[in-house]
Amino acid sequence: MTQTVLATGGAGYIGSHVVAELLATGRRVVIIDDFSNADPDVIDRIARIGVGRPELVEGDVRDPARLDAAFGRFPVDAVIHLAGLKAVGESVADPLRYHDVNLGGAVALFQAMVRHGVRRLVFSSSATVYGAPRSSPIVEAAPLGALNPYGRTKLMIEQIIDDLVVAEPAFASVSLRYFNPVGAHASGLIGELPRGVPNNLFPYIAQTAAGVRARLSVFGGDYPTPDGTGVRDYIHVADLAQGHLAAVDFLLAGEGKGRNTPVNLGCGRGYSVLESIRAFERAAGRAVPYDIVARRPGDVAECVADPSRAAELFGWRARRGIDEMCADHWAFQSRLMAS
Ligand code: UD1
């Protein structure tokens with residue numbers, strides 16, 4: 001029988017890629033999304049990839065009636081919970097909104113899962129739960145401690161799931177701790193659509209290469225890294241999406257019962273800001289003018305995954321390198337400008 005996966009936030013940047021990968025494996029996908037940070041056009045764009053069309057329930061995950069509508073479409077085999085707010089600066093300015101949307105959404109969703117007897121969950125967590133890592137590469141057993149309200153909501157949701165699996169031992173969950181997702185679908189049809197001034201490095205680089213922004217500010221040139229700029233584990237969003245598929249397969253094979261298993265999704269290889277700029281310039285064939293400025297408060301020098309658990313448990317590893325990340329990111333940015 002066709003399996004059905006419910007994807008909250010399935011119209012967003014990461015969600016849309018996850019949905020496309022799920023459809024490509026012949027699964028049925030029901031999206032619940034309120035389009036607060038996604039373009040309604042995304043559903044058509046996913047369909048144009050040619051792998052199928054997701055079902056859509058428009059609404060907020062905090063709304064039990066909309067959740068019941070989503071769970072009522074088809075018997076759901078597994079849930080991927082991607083919906084949530086994700087801007088660090090905004091979370092510092094308006095913490096209650098972050099706690100309301102992220103924690104409220106998670107609790108309402110988990111209650112709906114219990115109501116509908118669905119016990120397989122993949123949660124979109126983040127490497128932000130490691131706070132300021134004491135060593136790198138980072139293993140899942142590393143100390144946890146978020147540095148801002150956004151990060152705390154991710155950590156608290158993991159803890160809520162930890163509590164839930166104790167109370168409901170038939171429940172199985174994987175919390176995927178994303179490192180730095182970048183790039184876009186190879187079709188150029190879906191990608192990241194940052195609203196306003198981008199906070200993250202790659203969207204900013206892409207807009208600078210495109211001439212939308214004049215210059216990139218490199219936050220800090222005096223970190224204890226090889227070239228003094230921050231090092232991150234960038235991961236192609238298509239690899240990240242396939243990591244979700246691997247997690248769903250793991251859960252649907254009956255693994256992970258009574259546990260919330262944290263799993264890093266990263267490449268295990270770090271790139272500095274300057275290396276990223278150079279790779280992007282090569283891919284785009286355009287210059288990315290930049291200035292080295294002061295460090296951004298709250299940033300860490302280096303954050304790189306040890307991705308071996310994902311390989312051991314799921315047989316998953318990232319396959320796409322920095323050149324492909326930049327080329328696909330640029331292809332999507334170029335299409336945006338042409339449309
Ligand atoms: C950021 C968030 C993190 C979140 C992640 C989601 C902060 C402090 N952290 O991580 O909680 O989970 O995004 O993807 O916001 N950089 C520049 N110039 C820029 C932008 C970034 O030099 O205009 C540098 C940063 O200092 C850093 C690297 O680029 O060294 C990556 O930055 P970014 O893309 O914002 O990701 P993180 O800081 O790793």
Side-chain angles (χ1 to χ4, degrees), residues 9 12-15 17 37 82 84-93 95 98 102 123-133 136-138 144-158 175-183 191-192 194 196-209 212-237 240 264-267 270-280 288-305 322 325-326 329:
Y13 170 44
I14 294 165
H17 291 81
N37 190 25
L82 300 123
L85 301 175
K86 60 169 186 180
V88 174
E90 199 180 72
S91 79
V92 174
Y98 270 67
N102 290 4
F123 171 56
S124 254
S125 190
S126 166
T128 196
V129 300
Y130 297 115
S136 179
I138 306 171
L144 303 179
L147 301 174
N148 52 64
Y150 157 73
R152 270 188 282 280
T153 65
K154 290 290 174 191
L155 188 50
M156 286 182 206
I157 295 169
E158 286 199 16
S175 288
L176 295 176
R177 294 179 178 158
Y178 307 162
F179 280 68
N180 289 61
V182 300
E192 189 169 14
V197 182
N199 297 307
N200 296 120
L201 180 65
F202 267 67
Y204 209 107
I205 291 182
Q207 292 191 2
T208 308
V212 178
R213 314 261 160 220
R215 300 179 78 78
L216 169 78
S217 293
V218 175
F219 299 139
D222 57 353
Y223 283 107
T225 58
D227 66 17
T229 66
V231 169
R232 295 291 183 276
D233 187 337
Y234 298 99
I235 170 169
H236 196 296
V237 65
L240 190 84
N264 289 338
L265 290 185
C267 292
Y271 287 91
S272 73
V273 177
L274 296 182
E275 286 175 313
S276 307
I277 295 172
R278 279 194 288 274
F280 207 96
V288 177
Y290 66 87
D291 305 297
I292 297 184
V293 303
R295 293 180 180 189
R296 180 172 64 179
D299 273 357
V300 299
E302 184 177 323
C303 184
V304 175
I322 189 90
M325 298 178 208
C326 293
H329 208 110

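Count residues from 1 along the sequence. Indexing begins at 1, ligand by ligand and atom by atom, following the structure's order. Note that the coordinates shown come from a computational prediction; the quantities given were computed from them, not determined experimentally.
In terms of protein heavy-atom proximity, atom 27 (C) of ligand 1 is closest to Arg232 NH2, 3.6 Å. Looking at atom 9 (N) of ligand 1, its nearest protein heavy atom turns out to be Val88 CG2, 3.8 Å. The closest protein non-hydrogen atom to atom 18 (N) of ligand 1 is Ser217 O, 2.7 Å. Shortest contact from atom 25 (C) of ligand 1 to any protein heavy atom: Asp299 OD2, 3.4 Å. Closest protein heavy atom to atom 24 (C) of ligand 1: Val273 CG2, 3.7 Å. With respect to atom 34 (O) of ligand 1, the closest heavy atom belonging to the protein is Leu201 N, 2.8 Å. Summary of contacts: the protein heavy atom closest to atom 36 (O) of ligand 1 is Asn180 ND2, 3.1 Å. Counting protein heavy atoms only, atom 38 (O) of ligand 1 is closest to Arg296 NH2, 2.8 Å.
Checking Ile292, Asn200, Leu216 against atom 5 (C) of ligand 1, the nearest heavy atom belongs to Asn200. Among Tyr178, Tyr150, Phe202, Tyr234, the residue whose heavy atom sits closest to atom 28 (C) of ligand 1 is Tyr234.
Between Ser126 and ligand 1, at least one N/O pair is under 3.5 Å apart. Taking only nitrogen or oxygen atoms, main chain and side chain alike, Pro181 does not reach within less than 3.5 Å of ligand 1. Backbone and side-chain nitrogen or oxygen atoms of Asn148 are examined, and none is located within less than 3.5 angstrom of a nitrogen or oxygen of ligand 1. Geometrically, ligand 1 and Phe219 share a nitrogen or oxygen pair separated by less than 3.5 Å.
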Chi angles and distances behind the side-chain contact (heavy atoms from CB on, under 4.5 Å) call for Ser272, Thr225: CA-CA 8 Å; Ser272 73; Thr225 58; 5.6 Å; no

The test is side-chain hydrogen bond (donor to acceptor under 3.5 Å, both in side chains); show your working for Tyr150 and Glu90 and say whether it passes. CA-CA 8 Å; Tyr150 157 73; Glu90 199 180 72; over 6 Å; no

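Taking the side chain as every heavy atom from C-beta outward, Ile277 and Val218 approach each other to under 4.5 Å. Between Ser125 and Ile157, every side-chain heavy-atom pair lies at or beyond the 4.5 Å cut-off. Considering only heavy atoms from C-beta on, Leu176 stays 4.5 Å or farther from Phe123 through its side chain.
Within 6.0 Å of CZ in Phe219 there are more than 12 heavy atoms belonging to other residues, nucleotides or ligands.
Within the listing of ligand 1, atoms 22 (O) sit less than 4.0 angstrom from a heavy atom of Val218. In the vicinity of Thr128, heavy-atom distances shorter than 4.0 Å reach the ligand 1 atoms 11 (O), 12 (O). Near Asn199, meaning under 4.0 Å from one of its heavy atoms, ligand 1 places the atoms 20 (C), 35 (O).
Once rounded to the nearest 0.5 Å, the distance linking CD of Glu275 with CZ of Arg232 reads 13.0 Å. With rounding to the nearest 0.5 Å, the separation of CG in Leu265 from CZ in Phe179 is 9.0 Å. Remark: Leu240 CG to Tyr234 OH distance equals 15.0 Å, nearest 0.5 Å.
For Cys303, the heavy-atom gap to ligand 1 stays at 4.0 angstrom or more. For Gly151, the closest heavy-atom approach to ligand 1 does not fall below 4.0 Å.
The nearest pair of heavy atoms linking Thr229 to Val273 is OG1-N, 3.2 Å.
Put simply, the side chain of Arg295 never gets that close to the backbone of Ala301: no donor and acceptor are under 3.5 Å apart. One N or O on the side chain of Asn264 and one on the backbone of Ile138 form a donor-acceptor pair closer than 3.5 Å.
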